[in-house]
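Contents: one structure, followed by commentary.
We use all heavy atoms of the structure for the numbers below, so side chains are in, but hydrogens, waters and symmetry mates are not.
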Amino acid sequence: MVFKKLLGALGVGGPSVDTVLHPGPALPGGPLSGEVRLRGGGSEVTVDRISLLLVARVEREGQEEEDEGTVVLERFTVGGGFRLAEEADHTVPFTVTLPWETPITELHGQHLGPVLGIRTELEIAGARDKGDLDALAVGPLPAQEAILEAFGQLGCTRSFTANALGPRSGQ
């Protein structure tokens, strides 16, 4: 029993997490829905908090090198405060509201450039955080779509639009 707890504290044999987003692109300022599916590991654990992080991949250019990383744009708490039994299944449905400033990632089904995702983090008493990362598609609001289409009619390229709408670090 002590050995199982030690392994759990190191993240071995702990619960698994899978976040499933409802299909279709989300909209800035609109709802994002889905469910977090948990599967208990080798021992019972207390799930203190389930957090969803809206993350963006960003590039930072220096004088001599280029760096790539992720930036957290928003954090949502969608559950927690329960015990997850050994090998038990538990589902937490959620609906959160995306920030109005969420970058647009696609237009008419075509990828624009910014890469967004939803990272799921579990805070488990006495154990390392477990996580999951899912790609997120964000479509334009009607006004944004009209502006992007006007850019296209003026001859602006897709890369111009992607650069204008993508997240930037250090600015």
Should L54 and L98 be marked as a side chain to side chain contact (heavy atoms under 4.5 Å, CB included) after you check the CA-CA gap, both sets of side-chain angles, and the distance that decides it? CA-CA 9 Å; L54 173 62; L98 292 176; 4.2 Å; yes
Taking every heavy atom of L141 against every heavy atom of P28, the minimum-distance pair comes out as CD2-O, 3.6 Å
Please examine the side chains of R37 and H90, heavy atoms only from C-beta on, and report whether any two atoms are closer than 4.5 Å. no
Quick one: are P114 and V58 in side-chain contact, heavy atoms under 4.5 Å? no
Tell me who clusters with V20, hydrophobic residues only, linked when side chains sit under 4.5 Å apart either directly or through other members. none
Validation row: L116, R57 side chains within 4.5 angstrom (heavy atoms): no
Measuring from L32:CG to T97:OG1, what's the distance to the nearest 0.5 Å? 9.5 Å
Where is the tightest heavy-atom contact between G139 and P25, given as atom of each residue plus distance? N-CB, 3.7 Å
Look at the side-chain heavy atoms of Ile, Leu, Val, Met, Phe, Trp and Tyr, link any pair under 4.5 Å apart, and say whether L122 and L53 land in one connected group. no
Determine whether a donor-acceptor pair (N or O, by modelled atom type, separation under 3.5 Å) exists between the side chain of T105 and the backbone of V138. yes
CG of L84 to CD1 of I124, rounded to nearest 0.5 Å, is 8.0 Å
Distance-only side-chain donor-acceptor flag, R39 / S16, under 3.5 Å: no
Just wondering, do V96 and V78 contact through their side chains at under 4.5 Å, heavy atoms? yes
H111 side, atom NE2; E106 side, atom CD - distance, nearest 0.5 Å: 9.0 Å
L107 backbone acceptor or donor facing Q110 side chain under 3.5 Å: no
Same apolar cluster (I L V M F W Y, side chains within < 4.5 Å links), L136/V55: no
Electrostatic pair R75-E121, nearest N-O below 4.0 angstrom: yes
Rounded to the nearest 0.5 Å, the OG atom of S51 sits from the CD atom of E74 at a distance of 11.5 Å
Report yes if some heavy atom in the side chain of P15 is under 4.5 Å from a heavy atom in the side chain of L38; otherwise report no. no
Can you tell me how far OG1 of T19 sits from CD1 of I118, rounded to the nearest 0.5 angstrom? 8.5 Å
Would you mind reporting whether V36 and L52 have side-chain heavy atoms less than 4.5 Å apart? yes
Validation row: I50, F82 side chains within 4.5 angstrom (heavy atoms): yes
In this structure, would V115 and L27 fall into the same cluster of hydrophobic residues linked by side-chain contacts under 4.5 Å? no
Any heavy-atom pair between the side chains of Q144 and I104 that's under 4.5 Å? yes
Where do F94 and E35 come nearest, in terms of heavy atoms and distance? CE2-N, 3.3 Å
Smallest separation among heavy atoms of T102 and P99, with atom names: OG1-O, 2.7 Å
